[in-house]
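Note that ligands are numbered from 1 as they come in the structure, with each ligand's atoms numbered from 1 the same way. Note that the coordinates shown come from a computational prediction; the quantities given were computed from them, not determined experimentally. What's counted below: heavy atoms across the whole structure, side chains too, no hydrogens, waters or symmetry copies.
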Amino acid sequence: MIRRVLAIETSCDDTSVAIVEADGFVKRVISANQDRKHRVFGGIVPEIAGRTHIEMLLPLIEECLQLAGMTWDHIDGIAVTNRPGLVGSLIVGVVTAKSLSLALNKPLIGVNHLEAHLLAPFLRDDEYAPPEDFQYPFIALAISGGHTHLYYVTGLGEYSILGMTRDDAAGEAFDKFAKLAGLGFPGGVKVDQWAKQGSVDAYDFPRALIHEDNFDFSFSGLKTSAQRQVQSMDKEELKTHLPDLCASFQEAIVDVLIAKMEKALRRYNINRAVFTGGVSANSRLRQRVEEWSQKNHFQSVIPPIRYCTDNAAMVGLVGIQRLQQGEEDGQELAPSPRVYEKDFQFAEKS
Ligand code: KG4
Ligand code: ZN
């Protein structure tokens, strides 16, 4: 019986380990953030990410077991993100998980990182539980550094892609804008903070595709428009107007994300919405989603920030559910920069 798994996440620049139980209860999750190492380069350097995972992972696994007051005897399986992501980062988690599985004779399961984001709202711990009546089906918006995808989710492994970004991901747009405005790395959090003192309608930035009858996104026009605005200012002006710029830029993204979600909910006649992935940590998005849900009687679930940004708990949740239904990977499990073809279906365009 699979009662508990140890999960590993190393797909990008966060090293994370968790122990997750069958009902989604997170016994423990610990993560090591590498921001400090990448900040000087203004973005993630894959070689540094991979090497840092090597340094961090084994000590984190030991610490996680210790903090949970457990030994390997309490662990019934190993879950690891093997796709998609930076191969040099993924490989560290995958090789470690395979070695543990072999040495300890415990079943292994490779997890799709995006599926993990999608199911993160089902996690629970001492401080968080999803609403009691939260269940499938729902529409989920996965918004992170590499993805802006809208999904129709009907069950474990049943994910139809309704639409996605045609160019930059929402998180990428935040990060590029932050760099441009000299806010540093990681960008999304900085824009979020600066925006708190700014006015959302100080600048009229474009909301691409907002009225179009599809579920696609595009953020490159917004980026160019913001770039033009920033370049038209001298240093002093930029400093003075930074809060307004950040607030207006952020509002343009939030407007589009909510509008497309609403369009999907109405099209599929569903009232349950999930916002997940790093960008759903955004404080303005969280506030706007709450107001919008109340007004429209939608049930919106945004996992707590610790389960929105990359973490191993969400990997453990998918891993344990898949192991429980009899799936298992062998020593041939390999890292993949892309998702597998079987991971997602495409909804028919209507
Ligand atoms: O899901 P995630 O942790 O990693 C990926 O799988 O990409 O998402 C990272 C992205 C970054 O682009 C980061 O700037 C963005 O999430 N992000 C935010 C906030 N916190 C993280 N964007 C806007 N506001 C935030 N508070
Ligand atoms: Zn992610």
Quiz item: Which of these, G146, S283, G278, has its nearest heavy atom closest to atom 8 (O) of ligand 1?
Solution: G278

Exercise. Could you tell me whether G171 and ligand 1 have an N or O pair separated by under 3.5 Å?
Key: yes

Quiz item: Among C12, A173, G145, which residue places a heavy atom closest to atom 9 (C) of ligand 1?
Solution: G145

Practice problem: On the 0 to 90° scale, with breaks at 30° and 60°, tag the F249-F174 ring pair as parallel, tilted or perpendicular. | Solution: perpendicular

Quiz item: Under 4.0 angstrom from ligand 1, any heavy atom of R284?
Solution: no

Quiz item: Any Lys/Arg nitrogen of K223 or E172 sitting under 4.0 Å from an Asp/Glu carboxylate oxygen of the other?
Solution: no

Practice problem: Would you please indicate yes or no on a ring centroid separation below 6.0 angstrom for F344 and Y151? | Solution: yes

Quiz item: Which atoms of ligand 1 are found less than 4.0 Å from any heavy atom of H113?
Solution: 6 (O)

Quiz prompt | Proximity of Q250 to ligand 1 by residue part, where a heavy atom lies under 4.0 Å | solution = neither

Quiz item: With the threshold set at 4.0 Å, does a side-chain nitrogen-carboxylate oxygen contact exist between E262 and R266?
Solution: yes

Quiz item: Which of these, I253, N282, D175, I143, has its nearest heavy atom closest to atom 14 (O) of ligand 1?
Solution: D175

Quiz item: Given that the side chain starts at C-beta and the backbone is N, CA, C, O, which of these parts of H147 lies under 4.0 Å from ligand 1, counting heavy atoms, or is it both or neither?
Solution: neither

Practice problem: Flag the pair D125 and R306 as a salt bridge only when some basic side-chain nitrogen lies within less than 4.0 angstrom of an acidic carboxylate oxygen. | Solution: yes

Quiz item: Under a 4.0 Å heavy-atom limit, does D192 contact ligand 1 with its side chain, its backbone, both, or neither?
Solution: side chain

Quiz item: Which ligand 1 atoms does A281 reach within 4.0 Å, using its non-hydrogen atoms?
Solution: 20 (N), 26 (N)

Exercise. Specify the protein heavy atom at minimum distance from atom 22 (N) of ligand 1: its residue, its atom name, and the distance to 0.1 Å.
Key: G188 CA, 3.4 Å

Practice problem: Answer yes when E21 and R3 have at least one side-chain N-carboxylate O distance shorter than 4.0 Å, and no when they do not. | Solution: no

Practice problem: Check all N, O or S atoms of D310 and name the one closest to the Zn ion (ligand 2). | Solution: OD1

Exercise. Using a cut-off of strictly less than 2.8 Å, determine whether H147 has an N/O/S atom near the Zn ion (ligand 2).
Key: no

Practice problem: Determine whether more than 12 heavy atoms belonging to other residues, nucleotides or ligands lie under 6.0 Å from atom CG of N105. | Solution: no

Quiz item: Would a line drawn from the ring center of Y136 to the ring center of F122 be shorter than 6.0 Å?
Solution: yes

Quiz item: What about G277: any of its N or O atoms under 3.5 Å from an N or O on ligand 1?
Solution: no

Self-check item: Part of S144 within contact of ligand 1 (heavy atoms, under 4.0 Å)
Solution: both

Quiz item: Are the aromatic rings of F134 and F138 close, with centres under 6.0 Å apart?
Solution: yes

Exercise. Would you indicate which of T309, N311, D310 comes nearest to atom 5 (C) of ligand 1 when only heavy atoms are counted?
Key: D310

Quiz item: Should the pair R166 and F217 be classed as cation-pi, given the thresholds of under 6.0 Å to the six-membered ring centre and 45° from the axis?
Solution: no

Self-check item: H113: its N/O/S atom lying closest to the Zn ion (ligand 2) (atom name)
Solution: NE2

Exercise. Would you mind checking if R124 and D23 are paired as a salt bridge, meaning a charged N to carboxylate O distance below 4.0 Å?
Key: no

Practice problem: Output the list of atoms in ligand 1 that are nearer than 4.0 Å to some heavy atom of H117, sorted by atom number. | Solution: 1 (O), 6 (O)

